[in-house]
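A short worksheet on the structure shown next.
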Amino acid sequence: MILSKYPFWHLFIVLALFIMSVDANAVPSFSRQTGAACSQCHTQSFGPNLTPFGRDFKLGGYTLGGGKETNIPAVSGMIEGSFTNTKGDQDLTGTGYNKNNNFTFDQASLFYAGKVYGKVGAFSQFTFDGFSERLALDNTDIRFADNDDFFDTPVSYGISANNNPTAQDLWNTTSAWGFPYNGSSVQPGVGTSSVIDGAFATQVGGATAYAMIDNLLYLEAGGYTSLSNNVQKGLGVADAGQQQIDGAAPYWRVALQKDWKGHFVSLGHYGMIADVFPARDRSAGTTDRFTDVAVDATYQYMANPKHIFEVKSTYIYEDQKLSASRIINASPVNARTYLNTFKFNTAYTFDQTYGVTFGYNKLSGSNDAMLYSVANGYVSNRPNSEFYTAELVYVPFGKNSSYLAPWLNLRTSLQYIGYSQFNGTTQQSSSNNTFMINGWLIF
């Protein structure tokens, strides 16, 4: 989809520039419900990245009240667009886009976000993808949450029903809500990722039970299964090439956290075991097995609200037993392969308005001449990739004093991605270097 097909895009740009001259708010339905400014839940007053208060709000099932506008439905909307330039031209044949320098209408979303009834709350997103021209159910997390004292120890507990492993997670170290928080489909991307790192997003259904003990120890366990093809088609998420989980895939999460005098620290572990039929093909009579184990850590300095400093990191090890793929596709060469994923990012935010973030990603894995062949887009028979992401952000709205609060918010950003290795090669990897200007409006 090319922006020239959408004359309202120019109107949106004018509207966004106008709004930048006033003040407003982010994720408005949550803000209306609680009476709290978006800057209380989100660093940079916008986007998925949460403060300790924001994590508590999510842990409590999105049901915290206190706002004056309680009769307004918990509904919000979002529009996102960008301009993308890559150092080298990209193969976008058949998409309707140019080889380079593309304006894109990335997405428009409708949210139900807030208290549903009693102790039940939800965050649910329907998204129109401007690249694929498809409307689909996006990240959804429906919760029952409560709290009580057990042996004089406070415990918050609940159940999450969601459609994306890690969508329910409280920390911004996992795939669902991790940095970078936005992008464009015309950007080049590396060829592989672990299954827990987004492979099942919106294509599965699952439930987990969780408990936060004394605001210190977090425990969670549950499982996921693939939605039927007809259900996926109805939700707009069907994909003929996707993997189908055989039965249920167990998921677990453990974390320790501590928040004291403006310093927040967490250290966690999460994982998943999934037996899958590749491309829904059951002809092999067996499955591929993916075992993902991960560790993650977070540090936030928030003692002075004008100066927020953050460091987040994740390491995922995936063990791959590709028995079905070897029979169906005669690939890979090796019966057992692996994939390592390392992510790190650090951010500084001034007055929850101006932000700079630097991220580093490295993927490495087994040497396999068929799984990572030239025909599959790789070089040197390895999936290895290494790149950094630098981002500058300006969010003019989101504080308690904002004009038109809590109805509008705008996030603008400049992002640069630089590759030192891309799909197994360092040669010409820099041709994928990407510069993006992004505008993100929520109301």
Side-chain angles (χ1 to χ4, degrees), residues 91 94 132 136 163-166 175 189-206 222-252 270-294 315-342 362-385 421-425:
D91 183 6
S132 63
N163 65 346
N164 181 3
T166 76
S175 63
V190 299
T192 190
S193 65
S194 60
V195 296
I196 204 171
D197 207 17
F200 297 130
T202 72
Q203 299 168 355
V204 298
Y224 292 86
T225 190
S226 292
L227 301 174
S228 71
N229 196 43
N230 287 336
V231 171
Q232 289 190 16
K233 286 181 179 179
L235 297 175
V237 298
D239 181 354
Q242 71 182 238
Q243 302 176 101
Q244 181 183 30
I245 297 174
D246 181 21
Y251 172 90
W252 63 91
Y270 60 100
M272 187 177 190
I273 301 173
D275 294 322
V276 303
F277 298 106
R280 293 183 172 267
D281 190 336
R282 297 171 176 255
S283 62
T286 186
T287 61
D288 294 339
R289 166 166 285 198
F290 297 89
T291 302
D292 288 16
V293 291
Y315 170 73
I316 305 170
Y317 174 80
E318 180 173 84
D319 179 76
Q320 306 168 338
K321 298 178 182 178
L322 306 180
S323 303
S325 292
R326 292 192 78 195
I327 296 172
I328 297 169
N329 304 317
S331 174
V333 174
N334 303 306
R336 193 166 186 172
T337 57
Y338 69 90
L339 184 67
N340 294 309
T341 304
F342 176 72
K362 184 176 178 63
L363 290 89
S364 61
S366 300
N367 186 322
D368 195 288
M370 298 188 71
L371 185 62
Y372 303 118
S373 65
V374 173
N376 289 333
Y378 298 91
V379 180
S380 304
N381 301 328
R382 286 187 178 275
N384 299 6
S385 294
Q421 192 172 22
F422 188 87
N423 288 350
T425 182

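- Annotation for Trp252 and Val293: closest pair CZ2-CG1, 4.2 Å, computed over non-hydrogen atoms.
- Between the CG atom of Asn163 and the CD atom of Gln232 there is a distance of 10.5 Å, given to the nearest 0.5 Å.
- When side chains are defined from C-beta on, Val204 counts as touching Pro165, because their heavy atoms get closer than 4.5 Å.
- Side chains of Tyr372 and Asn423: a donor-acceptor N/O pair is absent below 3.5 angstrom, by distance only.
- Expressed to the nearest 0.5 Å, how far CG of Asn334 lies from CG of Asn367 amounts to 8.0 Å.
- Residues Ile273 and Arg289 form a side-chain contact, since some pair of their non-hydrogen atoms from C-beta on lies under 4.5 Å apart.
- In this pair, Tyr338 and Tyr317 present their aromatic rings parallel. The plane angle is below 30°, not in the 30 to 60° band.
- Screening residues 315-334 for salt bridge (Lys or Arg N to Asp or Glu O under 4.0 Å) gives Asp319-Arg336 as the qualifying pairs, with residues at least two apart or on separate chains.
- A side-chain donor-acceptor contact under 3.5 Å links Ser283 and Asp281.
- Scanning both residues, Leu339 and Pro383, for their nearest heavy atoms gives CD1-CG, 3.9 Å.
- The CE atom of Met370 lies 11.0 Å from the OG atom of Ser325; values are rounded to the nearest 0.5 Å.
- A heavy-atom distance below 4.5 Å is found between the side chains of Asn340 and Tyr315.
- Atom-to-atom distance recorded for Ile196:CD1 and Asp292:CG is 5.5 Å, nearest 0.5 angstrom.
- In this structure, Thr337 and Ser366 approach most closely via the heavy-atom pair CA-OG, 3.3 Å.
- At a threshold of 4.5 Å between non-hydrogen side-chain atoms, the residues Ile245 and Val276 count as touching.
- Every residue two or more places apart in sequence or in another chain that forms a salt bridge (charged side-chain N to carboxylate O under 4.0 Å, His left out) with Asp197 is listed here: Lys343.
- In terms of heavy-atom proximity, Asn376 sits nearest to Leu371 at ND2-O, 3.3 Å.
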